[in-house]
Novice: 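This structure is in structure tokens; I'll ask about it shortly.
Both backbone and side-chain heavy atoms feed into the values below; hydrogens, waters and symmetry mates do not. Quick note: residue numbers are just sequence positions, from 1.
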Amino acid sequence: MGHALSHLLVALCVVILSSGALGAPDDPTLAGWSVQGLSEPKARMESLRSDVLQAPGELRDLAARTRAALMSAAGVAVFTYVVILLLVGIGVEWLYWTYAYSPLRAIQSSIPASPRQALRLALRRLALLISGVLLFTLAAIGASAAFSWPPGVQELVVAATLLLLVLRLAWILIVTLLAPGRARLRLVPVANERAGWLAAAAMAVVCLLALGSFVPNVIERIGGAGHAAGALRLVTATAAALLLVVTAFVFVGRSRGPRFPKSFMLALLVVIVYGIWLLFGRAWITAIVAIVIALQIGLRELVFFFWPDEGDQVLPSIVLSAARFVVVLLGIGAGALVLDAPVVALAAAESPMVRFVLRLIGVATLALLTHVVWITVRTAVDQRLRRIRPAGPHHEPDEHSRLLTLLPLLRVTAAVLLIVMLVLSSLWALGIEITPVLAGAGVVGLAIGFGAQALVRDVIAGVFYLAEDAFRIGEYIEAGGNTKGAVERITLRTVALRHHNGPLHFVPYGALGTVRNTSRDWVVEKFNLPLPIDVDSEKIRKLIKGVGEEMMADPEVGRLMMEPLKGKLYRVDPGVKVFRCKFRTAPGRQFDVRAQAYKRIEAALRKMEVRFADGRLPVLTNA
């Protein structure tokens, strides 16, 4: 949010500079700035005081003139014309709803299964409702051209019709967003018991602001009651500000944890905007900035409201970044419209300050786009890692080990690449020639390469180890030296090996040398059986084969074996026959299978009354 707000403030500075909104004081000292800054609020307070004191008299005079005008023939004619306009607008809208009510009723009776489906239904419902309101407005304004109005009255009627349009559109939008009493159709994260009250408060604020903008202009232009208009603006603005502050504290939830309360932040924004308007009589730019900040505060909660499933984070993160970007752009556009800034002339301006700030806007745009790409990459990688992460530290390597090895490195590489591209693109956008920068970076890189040859060797060796898929996370490897263990973590320069006794070794890739991977594909385990010289070799071979078939049929042991246990006479020593046994199993399982083989062979030999050799030849295990 901080980046978006800074971008907005930079852009608004450009607009203000181009429109000449900032001027230098006659006295460049701090005292001069202070005196000039206080003169306008002082005059504003005197004007408001005068409006409040003289407003009652002007209102009484205006009421008397209005009664006299309505009782005249022209007043009766105007009242009749207004009634006819209302009838025409209502008739056209009624004709529209004779055809559009059936699809509207079908949409309203639909029960959405998710917030996104509710959004699609809301958009269709909005299209139907807004079309009816627009037809009413166009019919009423168009019919007003058929009558002869007293001077200034037709403009008043058209303005009143547009005011009615604004109020009806506001009510439609509020009801569509909050959906009081229909939680499944709600488009914002608001509790069901608060939706009705919040809709009423929002509509009251809209009515106050709309009336405070329309009525004072009417009585000032037509009635000549300037002081009454100023007092009315003061009353409506104060009431709207108080209502917004109360709404912020009542309806906005408190932040959990050490974060600053959102309700206090929103109330503070309202107070700041109202204070600036009260002191200077204009606060459009401040209001735009406050609205942008308020939207940025609530955007995350609003966007993720439509994606309640925490497993899907890529798309909502992209939508959130794009929404922040769009809000900032809309804020910039609104500020340009309020200040009446010549955007086209501004883009072609020759002022160094204007060109520099415009380039800063370009850099801000690049930063936002880079942020969107980073959010996409990071969220996709994290989501994939969460799905394939092993259940525990002793989980055996599986088909996902390759991804567990490469995805963290891909995330780091993407971050570095995006930062480098953003820096180079920002320099280019600011008008800085990047060719010398790249040449200098090449020279610096060459110097670093000569000064840190071991580091370069480790990084390059790691790239080839990973490209050739020599080892993965969770696999047990033995390096060229005496270092061996299970791969726990892989970085750009080192690999972390957990020895089976517990120590964790960090080995640079350049020091690995020849790597022996004992966790890949399959393992053939061999062991020797020393038996007396007088045993029948064929019977022993069949006994070992029978034990192997028994182990393959066992549901617990057989699933660990890829080939059954086999045996044959390996060699004859003085007084001893050595039989070599072997089997094939998955990596890491050979120790459990070998223990089962020893146990079953011992039981079978005891049943045949055959004992092992008398100890002159030890039992050897050869991997």
Side-chain angles (χ1 to χ4, degrees), residues 381-382 384-414 416 452-528 557 559-563 565 580-597 620-623:
V381 171
D382 292 345
R384 182 63 174 167
L385 286 175
R386 279 196 299 269
R387 286 203 299 262
I388 65 177
R389 192 172 297 278
H394 303 293
H395 188 271
E396 294 294 332
D398 53 18
E399 66 274 10
H400 300 307
S401 300
R402 178 72 168 163
L403 290 177
L404 286 172
T405 303
L406 295 180
L407 285 179
L409 295 177
L410 174 63
R411 182 174 53 195
V412 175
T413 304
V416 173
Q453 296 183 24
L455 175 64
V456 175
R457 180 193 62 185
D458 294 337
V459 172
I460 294 177
V463 170
F464 283 101
Y465 277 124
L466 297 177
E468 295 172 0
D469 195 18
F471 46 80
R472 303 173 183 175
I473 296 292
E475 293 184 338
Y476 195 92
I477 65 172
E478 298 178 9
N482 295 325
T483 306
K484 57 184 177 180
V487 180
E488 279 201 359
R489 187 165 62 252
I490 291 177
T491 64
L492 292 176
R493 193 184 71 87
T494 62
V495 55
L497 301 180
R498 176 73 67 178
H499 193 268
H500 55 269
N501 291 333
L504 184 64
H505 301 276
F506 293 89
V507 185
Y509 292 117
L512 282 178
T514 303
V515 174
R516 180 184 179 186
N517 193 328
T518 62
S519 301
R520 189 68 58 87
D521 300 332
W522 46 266
V523 173
V524 174
E525 179 70 8
K526 300 177 182 179
F527 59 92
N528 294 336
V557 182
R559 62 184 181 87
L560 304 178
M561 302 179 64
M562 303 175 67
E563 288 184 1
L565 176 68
R580 170 64 61 89
C581 303
K582 69 175 183 177
F583 58 87
R584 180 183 293 187
T585 182
R589 300 294 187 178
Q590 64 269 28
F591 309 106
D592 298 332
V593 175
R594 186 178 64 191
Q596 283 290 327
L620 300 177
T621 299
N622 298 324

Novice: Tell me every residue that passes side chain to side chain contact (heavy atoms under 4.5 Å, CB included) with F464, counting only those two or more places apart in sequence or in another chain.
Specialist: I460, E468

Novice: Output all residues satisfying side chain to side chain contact (heavy atoms under 4.5 Å, CB included) with A595, sequence neighbours left out; order by chain, then residue number.
Specialist: none

Novice: For residues 498-508, which residue pairs qualify under salt bridge (Lys or Arg N to Asp or Glu O under 4.0 Å), counting only residues two or more places apart or in two chains?
Specialist: E488-R498

Novice: Return the set of residues passing side-chain hydrogen bond (donor to acceptor under 3.5 Å, both in side chains) with T494 (not counting sequence neighbours), or none when no residue passes.
Specialist: T491

Novice: With sequence neighbours excluded, what pairs up with A461 under the side chain to side chain contact (heavy atoms under 4.5 Å, CB included) test?
Specialist: Y465, Y509

Novice: Can you tell if the side chain of R594 reaches within under 4.5 Å of the side chain of F583, non-hydrogen atoms only?
Specialist: yes

Novice: Could you tell me if the side chain of I490 sits less than 4.5 Å from the side chain of P408, heavy atoms only?
Specialist: no

Novice: At what distance, to the nearest 0.5 angstrom, does CG of N517 lie from CZ of R472?
Specialist: 9.0 Å

Novice: With R584, which residues qualify under salt bridge (charged side-chain N to carboxylate O under 4.0 Å, His left out), at least two apart?
Specialist: E563

Novice: Strictly distance-based, threshold 3.5 Å: is any side-chain N or O of H499 a donor or acceptor partner for the main-chain N or O of N501?
Specialist: yes

Novice: If you compare all heavy atoms of E478 against all heavy atoms of K484, which two are closest, and at what distance to 0.1 Å?
Specialist: CG-CB, 3.6 Å

Novice: A496 and L504: which non-hydrogen atoms are nearest, and at how many Å?
Specialist: CB-CD1, 4.0 Å

Novice: Return the CZ to CZ distance between F506 and R489, rounded to the nearest 0.5 Å.
Specialist: 4.5 Å

Novice: Atom CG in L565, atom CD in E525: separation rounded to 0.5 Å?
Specialist: 11.0 Å

Novice: How would you list, by chain and number, every residue that makes a side chain to side chain contact (heavy atoms under 4.5 Å, CB included) with V523, sequence neighbours excluded?
Specialist: P587, Q590

Novice: Atom NZ in K582, atom CZ in F527: separation rounded to 0.5 Å?
Specialist: 12.5 Å

